[in-house]
A.B. asks: 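Take a look at this one; I'll ask things after.
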Amino acid sequence: QVQLVESGGALVQTGGSLRLSCPYSGNIRSINVMGWFRQAPGNQRELVATLRDGGSTNYGDSVKGRFTISKDNAKNTVYLQMSSLKPEDTADYYCAASQRGDSFSAGDYDYWGQGTHVTVSS
């Protein structure tokens, strides 16, 4: 089992920045990919960013160039740095862990946090 707890969600103005954090614990050796997803009301859960154990990253088209995923192995924490935020970035953001290889869809992930909410005001 792997436990994840997101934090850092807040209300921010358009153009602002925010950093989400997700410390993880448990059977972390089984994790190959960490990911961030988001879900707005009425929408499906959407890929935001992934980070493989080897360091390669992948981003959803809507956040490329604005968001950065990173990890601190000493703290067992994954981060999502968000900048140039837009109202359409408003959503619940979820941290997830996958024991598989390349993991680009929600169904590929085995463990999920409870989510943290981001609101971007116009």
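All residue numbers in this chain count up from 1 along the given sequence.
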A.B. asks: Quick check: does any side chain N or O of T119 sit under 3.5 Å from a backbone N or O of T90, one acting as donor and the other as acceptor?
C.D. replies: no
A.B. asks: Considering non-hydrogen atoms only, spot the tightest contact between L51 and S70 and give its length.
C.D. replies: CD2-C, 3.8 Å
A.B. asks: The criterion is side-chain hydrogen bond (donor to acceptor under 3.5 Å, both in side chains); which residues satisfy it with D61, sequence neighbours excluded?
C.D. replies: K64
A.B. asks: Ignoring hydrogens and angles, tell me if any N or O in the side chain of Q114 forms a donor-acceptor pair with the backbone of E6 under 3.5 Å.
C.D. replies: yes
A.B. asks: Short question: side chain of N32, backbone of Q99 - any donor-acceptor pair under 3.5 Å?
C.D. replies: yes
A.B. asks: Atom CD of residue position Q13 - does it have more than 12 heavy atoms of other residues, nucleotides or ligands inside 6.0 Å?
C.D. replies: no
A.B. asks: Less than 4.5 Å apart, any side-chain heavy atom of S30 and any of V2?
C.D. replies: yes
A.B. asks: Can you list everything that forms a side-chain contact (heavy atoms from CB on, under 4.5 Å) with Q1? Sequence neighbours excluded, please.
C.D. replies: Q3, Y111
A.B. asks: For Q44, look at atom CD and say whether over 12 heavy atoms of other residues, nucleotides or ligands are found less than 6.0 Å away.
C.D. replies: no
A.B. asks: Of the non-hydrogen atoms in A91 and H117, which two are nearest, and what is the gap between them?
C.D. replies: O-ND1, 3.5 Å
A.B. asks: According to the disulfide (SG to SG under 2.5 Å) rule, which pairs have a member within residues 69-122, sequence neighbours left out?
C.D. replies: C22-C95
A.B. asks: Strictly by ring-ring contact (aromatic ring centres under 6.0 Å, His included), give each pair with a member in residues 26-57 just once, sequence neighbours left out.
C.D. replies: F37-Y109, F37-W112
A.B. asks: Atom CD1 in I28, atom CG in L4: separation rounded to 0.5 Å?
C.D. replies: 10.5 Å
A.B. asks: Who else is in V5's hydrophobic cluster (ILVMFWY, side-chain heavy atoms under 4.5 Å, direct or via others)?
C.D. replies: none
A.B. asks: Between M82 and V48, is any pair of side-chain heavy atoms under 4.5 Å apart?
C.D. replies: no
A.B. asks: Quick one: salt bridge (charged side-chain N to carboxylate O under 4.0 Å, His left out) pairs with a partner in residues 67-84, sequence neighbours left out?
C.D. replies: D53-K71
A.B. asks: Show every ring-ring contact (aromatic ring centres under 6.0 Å, His included) that has at least one partner inside residues 49-97, sequence neighbours left out.
C.D. replies: none
A.B. asks: According to a hydrophobic-cluster definition based on side-chain heavy atoms being under 4.5 Å apart (Ile, Leu, Val, Met, Phe, Trp, Tyr only), do V120 and L80 belong together?
C.D. replies: yes
A.B. asks: Applying side-chain hydrogen bond (donor to acceptor under 3.5 Å, both in side chains), name anything that partners D89, two or more places apart in sequence or on another chain.
C.D. replies: R38, R66
A.B. asks: Can you name the side-chain contact (heavy atoms from CB on, under 4.5 Å) partners of S122, sequence neighbours left out?
C.D. replies: T14, P87
A.B. asks: Taking atom CG of L85 and atom OG of S121, what is their separation to the nearest 0.5 Å?
C.D. replies: 10.0 Å
A.B. asks: Disulfide (SG to SG under 2.5 Å): which pairs involve residues 45-89, sequence neighbours left out?
C.D. replies: none
A.B. asks: Identify the two heavy atoms, one from V33 and one from S103, that lie closest to each other, and give their separation to 0.1 Å.
C.D. replies: CG2-OG, 3.9 Å
A.B. asks: From Q39 CD over to D92 CG, what is the distance, rounded to the nearest 0.5 angstrom?
C.D. replies: 7.5 Å
A.B. asks: List the residues meeting side-chain contact (heavy atoms from CB on, under 4.5 Å) with S105, not counting sequence neighbours, and say none if there are none.
C.D. replies: D108
A.B. asks: In Å, rounded to the nearest 0.5 Å, how long is the span from CG of L18 to OG of S83?
C.D. replies: 10.5 Å
A.B. asks: How would you list, by chain and number, every residue that makes a side-chain hydrogen bond (donor to acceptor under 3.5 Å, both in side chains) with R100, sequence neighbours excluded?
C.D. replies: D110
